[in-house]
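We're numbering straight along the sequence, starting at 1.
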Amino acid sequence: MRRTLTAVLAGLALTGCGTPGAGLRVEGRAEDVRASPPPVADGSPTVDEVRVLRDDPGVGHRVKAAVARPCSNGAFRGWYPVYTRYATVGGAGTVVLIDVAGCEDHTACGGTLGAFVYRLDEGRPERVFGTEEAGSRVTAEGTGLRLERPVFNPGDDEPCPSATRATPLRWDGARFAEAGR
């Protein structure tokens, strides 16, 4: 019984909530590595999300530093801290949602450095929403998008909020904007 309990507790300690399975893993020298988009069977457009962030002049220094090279240590070693999803949103067409974390282990609580939405216009990405508010991320919900922000309550550890606040994002024909703003 004692061995079983010890094994279970050790397994839980090792798995954690921040295991980097959804990021982009690369191997080789950082200057030789290029992120490549995942293959898509249905012919939908894809992007090299790391290059998109690096090339976007509107993306801030902290985010660009996070995607300058794969993480070199910790749980994210060998991975770019980028999480990408594709969605189809009425009026906007196909969009790519990109959340950027950091290489530090505290991002296991869901912390991010920024969240961005790019519209794929003839395969070229055009940023139509972005925030570099720490802990924020954009998610697809039905045929729309929503911005999730951390909510810290008294007693919360700094990197780990106890709740999130969701705000719908509305397509105005050219960009996504927070509903009600």
**Student:** Less than 4.5 Å apart, any side-chain heavy atom of Thr139 and any of Leu97?
**Tutor:**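 They are not in contact (no side-chain heavy atoms under 4.5 Å apart), so the answer is no.
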**Student:** With Ala134, which residues qualify under side chain to side chain contact (heavy atoms under 4.5 Å, CB included), at least two apart?
**Tutor:**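 For Ala134 there are no side chain to side chain contact (heavy atoms under 4.5 Å, CB included) partners, ignoring immediate neighbours.
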**Student:** Which ILVMFWY residues can you reach from Val151 by hopping between side chains whose heavy atoms are under 4.5 Å apart?
**Tutor:**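 None, because no other hydrophobic side chain comes under 4.5 Å of this residue.
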**Student:** Is there a path of hydrophobic side-chain contacts, each under 4.5 Å between heavy atoms of I/L/V/M/F/W/Y residues, joining Trp171 to Val96?
**Tutor:**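 Val96 and Trp171: separate clusters.
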**Student:** Hey, any chance Leu147 and Val95 share a hydrophobic cluster, counting ILVMFWY side chains that come within less than 4.5 Å of each other, even indirectly?
**Tutor:**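 Hydrophobic grouping puts Leu147 with Val95.
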**Student:** List the residues meeting side chain to side chain contact (heavy atoms under 4.5 Å, CB included) with Glu141, not counting sequence neighbours, and say none if there are none.
**Tutor:**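 For Glu141 the side chain to side chain contact (heavy atoms under 4.5 Å, CB included) partners, ignoring immediate neighbours, are Arg146.
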**Student:** Within the 4.5 Å heavy-atom criterion, are Glu132 and Val63 side-chain neighbours or not?
**Tutor:**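 When only atoms from C-beta onward are counted, Val63 and Glu132 do touch, with a gap below 4.5 Å.
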**Student:** Using a 3.5 Å cut-off and no angle test, enumerate the donor-acceptor pairs between side-chain atoms of residues 114-121 and protein atoms at least two apart in sequence or in another chain.
**Tutor:**
unit_1, atom_1, unit_2, atom_2, d
Tyr118, OH, Asp56, OD2, 2.6
Arg119, NE, Ala92, O, 2.9

**Student:** What residues, two or more places apart in sequence or in another chain, satisfy side chain to side chain contact (heavy atoms under 4.5 Å, CB included) together with Asp156?
**Tutor:**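 Asp156 satisfies side chain to side chain contact (heavy atoms under 4.5 Å, CB included) with Phe152, Asn153, Ser162 only.
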**Student:** Can you name the closest pair of heavy atoms from Leu113 and Ala66 and give their distance?
**Tutor:**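 Here Leu113 and Ala66 meet closest at CD1-CB, 3.6 Å.
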**Student:** Work out which heavy atom in Arg54 is nearest to a heavy atom in Ala68; give both atom names and the distance.
**Tutor:**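 In this case the closest contact between Arg54 and Ala68 is NH2-O, 3.2 Å.
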**Student:** Please collect all salt bridge (Lys or Arg N to Asp or Glu O under 4.0 Å) contacts where either partner lies in residues 90-103, sequence neighbours excluded, each pair once.
**Tutor:**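 Matches after skipping sequence neighbours: Arg85-Asp99.
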**Student:** Does any N or O in the side chain of Arg149 come within less than 3.5 Å of the main-chain N or O of Gly135, such that one atom is a donor and the other an acceptor?
**Tutor:**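 Not a single qualifying donor-acceptor pair exists.
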**Student:** Any side-chain heavy-atom pair from Val47 and Tyr86 closer than 4.5 angstrom?
**Tutor:**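 Yes - at least one pair of side-chain heavy atoms lies under 4.5 Å apart.
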**Student:** Considering only heavy atoms from C-beta outward, does the side chain of Tyr83 approach that of Thr112 to under 4.5 Å?
**Tutor:**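 Side-chain contact under 4.5 Å: no.
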**Student:** Where do Pro150 and Pro161 come nearest, in terms of heavy atoms and distance?
**Tutor:**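 Distance-wise, the nearest heavy atoms are CB-CG, 3.6 Å.
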**Student:** What are the two closest non-hydrogen atoms of Leu53 and Lys64, and how far apart are they?
**Tutor:**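 Minimum heavy-atom contact is O-CE, 3.6 Å.
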**Student:** Quick one: are Pro70 and Tyr80 in side-chain contact, heavy atoms under 4.5 Å?
**Tutor:**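 Pro70 reaches Tyr80 side chain to side chain.
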**Student:** Determine the minimum heavy-atom distance between Ser72 and Arg77, stating which atoms define it.
**Tutor:**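 Closest pair (atom of Ser72, atom of Arg77, distance): O-NE, 3.4 Å.
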**Student:** Could you tell me whether the side chain of Arg175 and the main chain of Arg127 form a donor-acceptor pair under 3.5 Å?
**Tutor:**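 The answer is yes, because a donor-acceptor pair under 3.5 Å joins these two groups.
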**Student:** Please list all pairs passing the disulfide bond (SG atoms under 2.5 Å apart) test where one or both residues lie in residues 54-97, with sequence neighbours left out.
**Tutor:**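 Sorted result for residues 54-97: Cys71-Cys103.
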